[in-house]
Structure formats: structure tokens, C-alpha cells
Visitor: 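Dumping the structure here so I can ask a few things about it.
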There are 2 protein chains.
Amino acid sequence: MYKIGHIAKQLNVSTDTLRYYERQGLLQASVRSPAGYRLYDDSALEQMRFIVRAKAVGFSLKDIQELLTIKIDKHNHSCEEVKSLTLQKLTQTRQRIEELLKFERSLSVLAERCCGGEESADDCSILTALEDVDGSA
Amino acid sequence: MYKIGHIAKQLNVSTDTLRYYERQGLLQASVRSPAGYRLYDDSALEQMRFIVRAKAVGFSLKDIQELLTIKIDKHNHSCEEVKSLTLQKLTQTRQRIEELLKFERSLSVLAERCCGGEESADDCSILTALEDVDGSA
DNA sequence: CTTGACCTTGAACTCAACTCTAAGGTTTAT
DNA sequence: ATAAACCTTAGAGTTGAGTTCAAGGTCAAG
Ligand SMILES: [Zn+2]
Ligand SMILES: [Zn+2]
Ligand SMILES: [Zn+2]
Ligand SMILES: [Zn+2]
């Protein structure tokens with residue numbers, strides 16, 4: 001049985017994060033010590049590892065809640081549900097990437113054209129582009 | 001002189017957004033009508049266009065505040081300042097894209113391997129990958 | 001002279017994922 | 001026996017960009 005600080009160090013998260021996840025229903029401590037300390041067993045540690053890995057591939061805590069619900073009772077859930085969550089997250093991620101790539105392209109065009117010199121910004125091409133009706137954005 | 005709703009429609013934002021930007025110091029109404037209504041002139045409209053364009057290339061409201069400070073007194077600011085803001089935002093954007101691309105790659109590997117069928121998730125490769133110490137994340 | 005569309009304010013609420021604070025109890029080592 | 005290093009709680013604060021609410025004032029048309 002591990003105390004919260006031990007789990008926190010193992011998984012490189014804060015104790016606050018662990019308590020927060022508990023409030024969010026993601027990970028309950030296995031038992032409490034007589035003094036009220038949270039005590040985690042190996043399966044709790046494994047569950048926390050699952051959470052951390054799911055975060056590392058881009059799932060939100062809300063997604064992870066759903067994944068855990070399935071994982072805890074795999075037999076009554078299907079591959080289809082899991083894949084659907086994954087594809088949904090993939091689509092979201094790709095959309096966000098597309099948006100950011102547009103930003104990236106606009107910003108690099110703006111940056112390329114500006115001389116970046118120490119003289120006054122009176123004729124700065126970046127400001128001009130943002131002012132003009134036909135900006136390159 | 002235009003009322004807030006007119007500006008909002010022109011620029012496809014809500015009146016709440018305009019009031020919010022005012023609180024944030026981004027755009028003051030030019031004057032108030034006797035009844036207290038915000039009245040905007042063409043230069044205010046132009047300034048709002050600038051803000052909208054800057055948002056459209058990925059600048060945050062905080063960035064835009066700095067850009068406006070420079071734009072309003074170009075003569076006492078340099079190209080270098082503007083370019084620096086732009087490059088900083090570009091770097092941030094690229095970092096975020098890198099992070100999301102990692103998510104994207106992990107998620108597509110996970111999704112590819114899962115059959116997505118209606119049978120039970122007992123052997124779902126996605127769950128297995130997130131459980132195992134050597135997940136493909 | 002009333003209806004409906006528009007405008008005002010301040011304050012609270014939203015989302016996500018924590019982080020921090022205060023005030024206190026417990027354990028361990030010296 | 002006391003200090004350091006843990007742990008507990010409820011609740012508030014953070015960030016960013018708004019949105020929503022309640023309660024009311026104003027303006028043009030019919
Ligand atoms: Zn220049
Ligand atoms: Zn420039
Ligand atoms: Zn399957
Ligand atoms: Zn599967």
C-alpha cells in the first residue's frame with residue numbers, strides 16, 4: 001500500500017492532481033489508513049498509469065472517464081465503442097491541427113515579409129497587412 | 001456613427017464580445033449617445049477589423065493589446081518589436097502543432113489496430129495498449 | 001401609447017485541468 | 001520531545017475568451 005506522495009512521485013504528477021482525479025471520479029484510493037491517509041494498492045497504481053498514458057495520447061479527462069467505464073467492465077462493452085472514442089478524438093485533433101497550420105502559414109508569411117529592423121514601425125508590413133482589407137491572412 | 005449592434009453584425013461578432021473587448025482595453029467606443037449608447041466611428045470600425053484579423057492569424061487578445069499599443073504610436077516602436085511578437089507566436093504555434101501531431105500519430109496507430117467490431121472489448125487492442133507498460137504512445 | 005427591437009449595467013457563470021491556501025493532524029527520525 | 005516531512009479538508013483562485021442573467025432604459029413604427 002502506497003501513500004499519495006509515493007504514487008505522485010512514481011508517476012510524476014502532484015498530490016493535488018491525484019486528489020483532483022479522485023474528485024473527478026477517475027481514481028479512488030483503495031482504502032484509508034486509520035489516520036485518514038489515502039492508501040493505494042498496485043491495481044490503483046496501474047489504473048493511474050492507464051490515465052497518464054491516455055492523457056499522453058491526447059485524451060481529455062472526460063474521455064478517460066468513458067474509457068475507464070469500459071475498461072472496468074470490458075465484457076459488456078464493445079471494441080466499437082472504444083474505437084469510436086478514439087476516432088472522435090483523432091478527428092478533433094486533426095481539426096485543431098488544421099486550424100493551427102493556417103495560423104502557422106499566415107504567421108510565417110507575415111514574419112518573412114517584415115524586416116525586423118530597429119527603425120520605426122511606420123511602414124511595418126505586418127501592421128499594414130493586418131490593417132489592410134486584403135491582408136494575406 | 002454606428003451603434004454596437006451594427007458593428008457586431010458587420011464583423012460577425014456578438015455585442016457581448018464588443019463590450020468584453022472594451023473591458024479588456026482593446027476597443028473603446030468613440031463617444032456615447034445622450035442615452036448612454038456606445039457610438040463607434042469609422043476608425044473604431046477599422047480598429048475592430050484589425051483585431052478580428054489579428055485573431056484570425058492566431059494572436060491572443062493579450063498579443064493584440066501589444067500590437068495595438070504599437071500600431072497607435074508606430075513612430076515610437078520598431079519593426080523589430082512587431083516581428084518579435086509574430087515570431088514568438090509562430091514558435092508557440094509550432095510547438096502546439098508538434099504536440100498535437102504526436103497525439104495524432106498515437107491515435108491513428110491505436111485506431112488502425114482496433115477492429116472496431118461489436119463484440120466485447122475484452123481483447124481490445126486500444127485498451128491493451130493503454131494498459132501495457134510498453135504502449136505504442 | 002404600446003409593442004418590439006435595441007441598448008445599459010454589474011456580476012456571475014462556463015470550460016479544463018489543475019493549483020494554491022489555510023488550518024490542522026500524523027509519522028518518523030534524532 | 002520536537003522538528004521535518006508527510007497527510008487531511010473545504011474552498012477559492014488561475015487562464016482565456018467569452019456568455020448569460022437580471023433588471024431596467026430608449027427608440028421607431030403603427
Ligand atoms: Zn521594417
Ligand atoms: Zn515590420
Ligand atoms: Zn476488436
Ligand atoms: Zn478494439
Side-chain angles (χ1 to χ4, degrees), chain A residues 1-40 44 48 50-68 88-89 92-93 95-96 99-100 103, chain B residues 1-40 44 48 51-68 85 88-89 92-93 95-96 99-100 103:
Chain A
M1 293 298 227
Y2 318 105
K3 282 185 285 183
I4 197 169
H6 181 81
I7 302 285
K9 260 173 211 152
Q10 287 284 308
L11 296 183
N12 206 29
V13 298
S14 73
T15 56
D16 278 326
T17 296
L18 282 161
R19 292 192 199 97
Y20 175 70
Y21 285 3
E22 180 173 297
R23 283 205 297 287
Q24 299 308 303
L26 291 171
L27 179 70
Q28 257 39 55
S30 316
V31 304
R32 292 294 185 114
S33 81
Y37 286 19
R38 287 168 181 81
L39 295 176
Y40 300 86
M48 189 59 193
F50 180 93
I51 294 169
V52 168
R53 279 186 213 112
K55 283 223 74 190
V57 302
F59 285 112
S60 69
L61 296 188
K62 192 158 175 283
D63 298 328
I64 295 173
Q65 269 182 24
E66 298 193 57
L67 288 173
L68 285 171
Q88 209 181 318
K89 183 55 53 175
Q92 267 175 38
T93 304
Q95 277 168 4
R96 182 67 177 140
E99 192 184 0
L100 289 177
F103 291 167
Chain B
M1 292 299 227
Y2 318 106
K3 282 186 284 183
I4 197 168
H6 181 80
I7 302 285
K9 260 171 212 154
Q10 288 285 309
L11 297 183
N12 205 29
V13 299
S14 74
T15 56
D16 281 324
T17 297
L18 282 162
R19 292 192 199 98
Y20 175 69
Y21 286 3
E22 180 174 297
R23 283 206 298 291
Q24 300 306 305
L26 291 172
L27 179 70
Q28 256 41 54
S30 315
V31 304
R32 292 295 185 112
S33 82
Y37 288 16
R38 286 167 181 83
L39 296 175
Y40 300 86
M48 189 59 192
I51 294 169
V52 168
R53 280 186 213 111
K55 284 223 74 190
V57 302
F59 285 112
S60 69
L61 297 188
K62 192 159 175 279
D63 298 329
I64 295 173
Q65 268 182 25
E66 297 192 58
L67 288 172
L68 285 171
L85 276 171
Q88 210 181 320
K89 183 54 53 177
Q92 267 175 38
T93 303
Q95 277 168 6
R96 182 67 178 140
E99 192 184 357
L100 289 176
F103 291 167

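We name chains A, B, ... by the order of the sequence lines, and we start the count at 1 in each one. No hydrogens, no waters, no symmetry mates; every other heavy atom, side chains included, goes into these values. Keep in mind that what you see is a predicted model, and the values were worked out from it rather than measured.
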Visitor: Would you check if B/L26 and B/M48 make a side-chain contact, meaning some heavy-atom pair closer than 4.5 Å?
Guide: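 The answer is no, as the side chains (C-beta and beyond) never meet within the 4.5 Å cut-off.
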
Visitor: Using side-chain heavy atoms (C-beta onward) and a distance below 4.5 Å, is B/N12 in contact with B/V52?
Guide: no

Visitor: In terms of side-chain heavy atoms, does B/K62 have a donor or acceptor partner in B/Q65 at a distance below 3.5 Å?
Guide: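 Judged by distance alone, the side chains do not pair up.
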
Visitor: Scan B/E99, B/Q92, B/R96 and name whichever one has a side-chain contact (heavy atoms from CB on, under 4.5 Å) with A/L100.
Guide: B/R96

Visitor: Please name all residues satisfying salt bridge (charged side-chain N to carboxylate O under 4.0 Å, His left out) with B/R32, sequence neighbours left out, ordered by chain then number.
Guide: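 Result, salt bridge (charged side-chain N to carboxylate O under 4.0 Å, His left out) vs B/R32: B/E22.
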
Visitor: Using a 4.5 Å cut-off on heavy atoms from C-beta on, say whether the side chain of A/L68 contacts that of A/L27.
Guide: no

Visitor: List DNA chain C stems (3 or more consecutive Watson-Crick/G-U pairs, under 3.5 Å)?
Guide: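 Stem segments, range with range: C:1-30 with D:1-30.
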
Visitor: What are the bounds, 5' to 3', of the part of DNA chain D that sits under 4.0 Å from heavy atoms of chain B?
Guide: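 With heavy atoms of chain B under 4.0 Å away, the range is D/dA17 to D/dC27.
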
Visitor: Once rounded to the nearest 0.5 Å, what's the spacing between atom CG of A/L11 and atom CD1 of A/I51?
Guide: 9.5 Å

Visitor: For B/K9 and for B/R38, find the nucleotide of DNA chain C with the closest heavy atom, then tell me which residue's nucleotide is more 5'.
Guide: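 Checking each residue's closest nucleotide, the 5'-ward one belongs to B/K9.
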
Visitor: Taking side chain to side chain contact (heavy atoms under 4.5 Å, CB included) as the test, write out the residues that go with A/E66, two or more places apart.
Guide: A/L85

Visitor: Could you name each residue pair satisfying ring-ring contact (aromatic ring centres under 6.0 Å, His included) that touches residues 3-26 of chain B, not counting sequence neighbours?
Guide: B/Y2-B/H6

Visitor: Which part of the nucleic acid does B/R19 contact within heavy-atom distance under 4.0 Å: base, sugar-phosphate only, or nothing?
Guide: base

Visitor: So, taking the atom named CZ in B/R38 and the one named CD1 in B/I7, what distance separates them when rounded to the nearest 0.5 Å?
Guide: 12.0 Å

Visitor: Taking protein heavy atoms under 4.0 Å as touching, what does nucleotides 17-30 of chain C look like 5' to 3' if B marks base contact, S marks sugar-phosphate-only contact and - marks none?
Guide: BBBB----BBS---

